[in-house]
Protein chains: 2
Amino acid sequence: MKKLKRSARLVEMTQYLLSRPHTLIPLTTFAERYGAAKSSISEDLAIIKEVFEDEGMGDLQTLAGAAGGVKFMPKMSYERSLSFIQNLCELLEQPDRILPGGYLYMSDLLGQPATTNEIGKIMATAFAGREIDAVMTVETKGIPLAYAVGSQLNLPVVLVRRDHQVTEGSAVSINYVSGSHKSLHTMSLSRRALPEKSRVLIVDDFMKAGGTVQGMIDLLREFNAEVAGVGVLVESGEVDSEERLLHDYVSLATLTAVDPKTKQISVAPGNYFNRSE
Amino acid sequence: MKKLKRSARLVEMTQYLLSRPHTLIPLTTFAERYGAAKSSISEDLAIIKEVFEDEGMGDLQTLAGAAGGVKFMPKMSYERSLSFIQNLCELLEQPDRILPGGYLYMSDLLGQPATTNEIGKIMATAFAGREIDAVMTVETKGIPLAYAVGSQLNLPVVLVRRDHQVTEGSAVSINYVSGSHKSLHTMSLSRRALPEKSRVLIVDDFMKAGGTVQGMIDLLREFNAEVAGVGVLVESGEVDSEERLLHDYVSLATLTAVDPKTKQISVAPGNYFNRSE
């Protein structure tokens with residue numbers, strides 16, 4: 001198509017790969033795109049792979065054979081993830097973040113796309129090895145995180161609604177118990193939003209006992225769908241283990257203590273950093 | 001720090017710039033990062049600039065002087081934007097999308113992060129020249145679009161809530177009229193979510209008469225904030241001009257006709273494509 005020098009080709013291929021994560025790209029696509037020999041393309045990819053890996057940005061997987069090609073899998077290294085989360089924990093410990101009911105004001109941080117994108121990369125790394133068909137969250141605050149994860153894993157995002165006024169045709173509704181008052185709520189999902197037997201990664205911004213996440217798990221059952229994983233940004237560590245409804249999940253941060261009187265908050269890296277290394 | 005060959009440096013700089021849109025990066029950052037002379041860095045940037053511009057990916061702006069540096073401004077060309085939107089219009093014309101009240105089912109399309117990211121690039125191009133401090137939307141379906149725009153423009157996103165159960169401290173609430181039944185609703189925004197005198201870009205997925213957007217504009221007044229622009233993905237063209245509350249906005253697509261009986265839908269590129277070239 002167009003003849004490019006190696007230097008220009010490297011810039012072009014880098015942006016092409018970065019904007020198509022978890023997508024298999026045949027070498028012929030590049031060869032035709034740049035009017036270059038496959039051997040030159042392979043050399044270019046080796047250079048890109050080395051930089052991506054040295055930078056801890058992710059893997060460039062090469063699949064040989066007729067159906068082969070190259071696939072960019074964005075990842076964030078343990079060290080970079082930990083340092084990002086430690087910084088986030090410090091911000092979360094600012095005393096004026098305590099809200100009634102043991103919640104934390106996080107909207108300023110979650111309102112920064114650069115921050116949600118980084119969180120998305122960490123969660124995508126945590127679940128990179130699993131077979132997943134879709135990312136699910138319930139409105140509202142988990143939405144940017146779910147999209148950030150879906151964007152990195154190249155997966156669709158399914159939104160569960162909290163109201164009944166859903167104008168999307170027939171829907172399945174379930175009741176769930178959540179919050180410090182154990183009050184009853186309803187969540188619903190449009191029938192056409194999720195194909196049967198999907199493998200679903202549940203993402204949310206905050207989890208206490210896990211009632212809301214458990215609600216989403218119950219909803220999945222109605223769609224004959226499976227839970228492929230549960231990832232939350234912050235879990236509240238102030239929950240008795242017998243009160244906790246959910247035990248298999250990944251958290252990036254743990255709210256270990258909140259003192260409404262002194263406004264003292266303690267936040268530490270979550271269970272994701274216990275298991276990885 | 002680390003010595004890199006030009007080829008590796010180009011890959012690294014490309015990803016560095018792509019992940020930091022609308023951010024001024026001093027040349028010394030690159031020079032120190034790669035242990036290279038500023039003159040080499042300038043040559044690298046010239047190569048990257050040429051590829052970005054040839055590909056219609058955006059501008060690489062160089063600012064000279066002590067406070068100078070380089071800034072990547074993602075943009076999508078008129079041709080690529082139009083071809084993307086024409087394809088989206090075709091998908092929107094599928095007959096089973098009609099919902100009660102003249103709405104369109106779009107959740108499958110807006111559930112694809114790759115799609116919302118492209119829409120974000122087009123809207124970021126539409127508003128690239130304006131002075132903006134924040135992107136605002138009202139929950140729920142506009143959220144992924146607002147984040148996609150915010151991500152491209154490197155701006156924070158402010159979420160207006162539709163309920164009263166907001167657990168974020170003191171909030172400002174207003175009433176607004178929207179929908180085919182002209183019913184009264186409430187929206188609210190936490191006091192701490194938006195600094196006074198902010199210049200705000202309002203983004204939403206769908207607009208009929210404009211009652212919801214008008215509600216956000218009224219809310220901005222309560223914060224002494226200004227409207228820097230209004231961008232909607234789809235506007236309904238089936239509104240009398242005297243019924244329309246809002247005249248200054250950018251739409252990417254227009255729903256020109258819906259026939260609930262025949263299930264015939266017509267969608268055309270929006271007003272953004274009338275003015276640009």
Side-chain angles (χ1 to χ4, degrees), chain A residues 2 4-15 18-20 44 47-48 50-52 54-55 57 96 99-101 103 105 107-108 110-114 116-117 134-135 139-141 143-144 146-159 161-163 167-169 190 192-193, chain B residues 2 4-15 18-20 44 47-48 50-52 54-55 57 96 99-101 103 105 107-108 110-114 116-117 134-135 139-141 143-144 146-159 161-163 167-169 190 192-193:
Chain A
K2 53 186 169 186
L4 287 184
K5 279 200 215 169
R6 162 148 293 159
S7 53
R9 221 161 56 207
L10 284 169
V11 172
E12 236 282 314
M13 285 170 77
T14 299
Q15 76 81 11
L18 288 176
S19 62
R20 288 163 185 82
D44 296 345
I47 294 169
I48 295 174
E50 204 186 322
V51 175
F52 280 12
D54 283 356
E55 289 300 307
M57 286 167 52
D96 53 349
L99 296 169
Y103 293 91
Y105 181 79
S107 296
D108 56 334
L110 295 183
Q112 302 289 345
T116 55
N117 289 341
V135 179
E139 57 184 346
T140 299
K141 289 187 230 163
I143 298 175
Y147 272 84
V149 177
S151 189
Q152 296 295 327
L153 293 175
N154 189 30
L155 291 172
V157 177
V158 173
L159 287 189
R161 305 296 298 259
R162 277 209 158 96
D163 52 25
T167 54
E168 307 210 322
S190 165
R192 64 211 278 186
Chain B
K2 52 184 171 186
L4 286 184
K5 279 199 216 168
R6 161 148 290 160
S7 53
R9 221 162 55 207
L10 284 169
V11 172
E12 237 280 315
M13 284 170 76
T14 300
Q15 76 82 14
L18 288 176
S19 62
R20 287 165 186 80
D44 296 346
I47 296 169
I48 295 174
E50 204 185 322
V51 175
F52 281 12
D54 284 356
E55 290 300 307
M57 288 167 52
D96 54 351
L99 296 169
Y103 292 92
Y105 182 79
S107 296
D108 56 334
L110 295 184
Q112 302 290 343
T116 54
N117 288 341
V135 179
E139 58 185 346
T140 299
K141 290 186 227 161
I143 298 176
Y147 272 82
V149 178
S151 188
Q152 296 295 328
L153 292 176
N154 188 31
L155 291 172
V157 177
V158 172
L159 287 188
R161 305 297 298 260
R162 276 210 159 94
D163 52 24
T167 55
E168 306 209 322
S190 164
R192 65 211 277 187

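Just so it is clear, the structure is predicted and the values come from calculations on it, not from any experiment. Below, chain A is the first sequence line, B the second, and so on; all start at residue 1.
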Okay, B/Ile48 and chain A: the region with an atom under 4.5 Å from a heavy atom over there is both

Relative to chain A, which segment of B/Asp108 carries a heavy atom at a distance below 4.5 Å: side chain, backbone, both, or neither?
neither

With the side chain counted from C-beta on, respond yes when B/Pro144 and A/Val157 share a heavy-atom pair under 4.5 Å apart, and no when they do not.
no

For the student: nearest non-hydrogen atoms of B/Tyr105 and A/Ser190, plus distance:
CE1-OG, 4.2 Å

Indicate yes or no: at least one non-hydrogen side-chain atom of B/Phe52 is less than 4.5 angstrom from one of A/Val11.
yes

Give a yes or no on this: more than 12 heavy atoms of other residues, nucleotides or ligands lie within 6.0 Å of atom CD of B/Gln112.
yes

Is any side-chain heavy atom of A/Gln15 closer than 4.5 Å to one of B/Leu18?
yes

Check each atom of B/Val51 against the heavy atoms of chain A and say whether the ones under 4.5 Å are side chain, backbone, both or neither.
side chain

So which residue, A/Ala134, A/Pro156, A/Ala193, ends up with the most heavy-atom pairs under 4.5 Å with chain B?
A/Pro156

Roughly how far, to the nearest 0.5 Å, is OG1 of A/Thr14 from CE of B/Met13?
12.0 Å

Nearest heavy-atom neighbours spanning B/Gly150 and A/Pro113
C-CG, 3.7 Å

Find the distance between CG (A/Leu159) and CG (B/Leu110) and round it off to the nearest 0.5 Å.
9.5 Å

Under 4.5 Å from any heavy atom of chain A, what part of B/Met57 do you find: side chain, backbone, both or neither?
side chain

Can you tell if the side chain of B/Arg192 reaches within under 4.5 Å of the side chain of A/Asp96, non-hydrogen atoms only?
yes

Walk me through it: do A/Glu139 and B/Lys141 pass the test side-chain contact (heavy atoms from CB on, under 4.5 Å)?
CA-CA 10 Å; A/Glu139 57 184 346; B/Lys141 290 186 227 161; over 6 Å; no

